[in-house]
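Below is one structure; the comments refer to it alone.
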Amino acid sequence: MAKEGYTGPLENIGCCCHRIPKSYKPGMRVPGHIYATDKLLESIRKDQAADQVANVATLPGIQVASIAMPDIHWGYGFCIGGVCATDPDEGGVISPGGVGYDINCGVRLVKTNLFLDDVKHHIKELVKALFYTIPSGAGRTGKYKFDTTETRRLMGEGPKFVIARGLGVARDLDHTEANGLIDGGDPHQVSDHAVKRGAEQCGTLGSGNHFLEVQVVDSVFDAEVAKAFGLELNQICVMIHSGSRGLGYQVCDDALATFRNCPQKYGFELPDRQLACAPADSPEGRKYIAQMRAAANYGFCNRQLLMHQAREVFAQVFGRSWDDLGMEQLYDVAHNIAKFEEHTVEGKKKKVWVHRKGATRAFPAGHPEVPEAFRAVGQPVIIPGDMGRASWVLVGSQGAMEKTFGTTCHGAGRAMSRTAALKDGVGRKIERELEHKGVIAMASSRNGLAEEQPKAYKNVDDVVEAVHEADLSRRVARMRPLGVIKG
DNA sequence: ATGTTC
């Protein structure tokens, strides 16, 4: 069933920002701010994402604006590509729909000291080895089996737990958002069912838009920042896009069931039941926060184990240790998470719950949460694109702090629904089409490949242009895919 | 995103 598009107001207020006025819907406490170029605005109007931006503006305690990135599209309650900051001192809520089902879905970029010429004749072999080593697809389990006690420890300690077992090195932590450990997570509040689902899945890719890609640095846009990040033209990197698998899904599901009655209990109304939420400072809110943070730590561990397996495969294929291949982690960012952060709101510093659902933290130079190695230039921002065109490395900027609670886009954003993309793929050989474009792809599901085909997505270059122009982050390097494994 | 409709 095709969804009606958005026909409401979008007032251009400059710098690629378009406003949905508070008058658009009853109950809006703040306006909506959608960042996009005119070109992207056209596709944004095609689904109900902008209406969802307006719905989010009704949430108790929301600050400044209900914000959306140029890659927004329709999602559960909240659009994907949205930012919502709430102040707990003003009854601000926490909402699972504002984080997403895949808690701490995110991206990790691993560098190598290899260049295009070193790998171009080994891509098929490399992709095959990656595909047969790294489990992918819905419901897949992996070789790292932790019992439920160990899984709870892993959630409590983050990647430090798996690194202590030789599955990584301590310096990986320095290059992970929050050092891979969100404080305040409580694994003991996570349901047994969720823990069981996660126990055998750590170190697996999953399905949908999740991928592991071998990429080459295709262009460098900011030589100084690229140098600080250790990126140069024709360099080979590995990009990993995955989340917290069945564990995060179950945490979200558990919380949604608990939150169903909270609006009535705490005396507020919601325009959409999928916006289910509770005051961040309520028993229900605090419980979800503790669970969500524990699930986020699991997500960091999942990407740690995915990276470890990629390092092992490279070592095997090239006959050198991963260390010798220079497989250092550039950074790891979450793009589905809520963080309690200090921001300046109308000239006043306050701590707010920043929900980022399909949106990436993009802190500028000098921010204390940016790793020391990058403090002088800003936080690396990793933007996965589609498997046929490109992905990006950006750097955080001051504009993001001033306009979007330190946030930028998270990817290309879907342009076609999964069903439409699937129908479009009937009778085609998408692997062949990709091979003609110079990309070797292996997927565990044929349908998955059709759903994820390049034209199902907006052009990530357009999305990046919008966030660069709006100064929500700046271009550093464009990455082109050479090999991809998918669920 | 998700043992893809407990």
Side-chain angles (χ1 to χ4, degrees), chain A residues 1 47 49 52 71-82 95-108 135-142 145 148 151 190-212 240-258 260 274 276 288 291-292 295-296 298-300 302-303 306 333-338 355-360 384 386-387 410-414 416-423 425 443-452 456-457 486-487:
Chain A
M1 202 58 178
D47 69 18
Q52 295 188 310
D71 50 331
I72 59 165
H73 54 102
W74 185 87
Y76 183 91
F78 296 62
C79 68
I80 292 153
S95 177
V99 170
Y101 265 93
D102 189 7
I103 296 164
N104 191 8
C105 184
V107 204
R108 179 175 295 213
S136 65
R140 280 292 294 277
T141 56
K145 301 199 193 302
T148 52
T151 304
V190 175
S191 70
D192 290 344
H193 186 197
V195 175
K196 274 194 191 118
R197 286 185 70 173
E200 296 193 329
Q201 287 191 322
C202 210
T204 65
L205 198 54
S207 64
N209 63 2
H210 290 165
F211 66 70
L212 186 146
I240 297 163
H241 180 198
S242 188
S244 54
R245 311 287 287 107
L247 186 145
Y249 179 97
Q250 195 59 45
V251 165
C252 180
D253 220 36
D254 291 346
L256 286 169
T258 308
R260 197 164 297 144
Q274 295 187 349
Y288 169 67
Q291 296 170 325
M292 182 262 300
Y298 177 98
F300 290 127
N302 187 33
R303 291 194 290 277
L306 289 166
V333 284
H335 56 221
N336 275 16
I337 198 163
H355 298 68
R356 297 189 179 95
K357 180 190 191 178
T360 314
D386 70 75
M387 59 188 166
H410 90 303
R414 290 199 80 86
M416 290 166 80
S417 69
R418 289 193 177 280
T419 41
L422 193 58
K423 208 173 147 191
S444 57
S445 140
R446 270 194 82 74
N447 286 356
L449 213 55
E451 289 175 3
E452 295 298 318
Y457 284 90
K486 294 213 47 107

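Order of the sequence lines sets the chain letters (A, B, ...), proteins ahead of strands, with each chain counted from 1. Here the structure is a predicted model, which means the values were calculated and not measured.
One atom, CZ of A:Arg260, and another, P of B:dC6, lie 14 Å apart when rounded to the nearest Å. One interatomic measurement links the two molecules: CG of A:Leu205 to C1' of B:dT4, which rounds to 16 Å at whole-angstrom precision. For the pair A:Leu256 CG and B:dT5 C1', the interatomic distance rounds to 16 Å; values are reported in whole Å. Rounding to whole angstrom units, CD of residue A:Gln201 and P of B:dT2 are separated by 8 Å. The interatomic distance linking A:Asp102 (CG) with B:dT4 (P) rounds to 15 Å, in whole Å. With rounding to whole Å, A:Arg140 atom CZ is found 16 Å from B:dT2 atom C1'. The CG atom of A:Asn104 sits 13 Å away from the P atom of B:dT2 (whole-angstrom rounding). Rounded to an integer number of Å, the gap from NZ of A:Lys486 to C1' of B:dT4 is 15 Å.
A salt bridge is defined here as a Lys NZ or Arg NE, NH1 or NH2 lying under 4.0 Å from an Asp or Glu carboxylate O, and A:Arg446 with A:Glu451 fails to meet this definition.
Backbone-only contact: A:Gly246 has heavy atoms under 4.0 Å from sugar-phosphate atoms and none from a base. When heavy atoms are screened at a 4.0 angstrom cut-off, A:Glu451 is found touching no nucleic acid atom at all. Backbone-only engagement by A:Gly208 is indicated by non-hydrogen atom pairs under 4.0 Å involving sugar-phosphate atoms exclusively. A:His193 comes within 4.0 angstrom of a nucleotide base, judged by non-hydrogen atoms across all strands.
Taking 4.0 angstrom as the limit, A:Ser207 places a side-chain polar atom (N or O) nearer than this to OP1 or OP2 of B:dT2. Taking 4.0 angstrom as the limit, A:Arg245 places a side-chain polar atom (N or O) nearer than this to OP1 or OP2 of B:dT2.
In this structure A:Tyr249 satisfies the side-chain contact (heavy atoms from CB on, under 4.5 Å) test together with A:Tyr101, A:Arg197, A:Asp253, sequence neighbours excluded. Remark: A:His410 pairs with A:His335 by the ring pair (Phe, Tyr, Trp, His ring centres under 6.0 Å) rule, at least two apart or across chains.
When the nearest nucleotides of DNA chain B are assigned to A:Asp253 and A:Ser242 by heavy-atom distance, the more 5′-ward of the two goes with A:Ser242.
Relative to the ring axis of A:Tyr298, A:Arg245 does not place its NZ or CZ within 45° and under 6.0 Å from the centre.
At distances below 3.5 Å, not a single donor-acceptor pair connects side-chain atoms of A:His355 with backbone N or O atoms of A:Val99.
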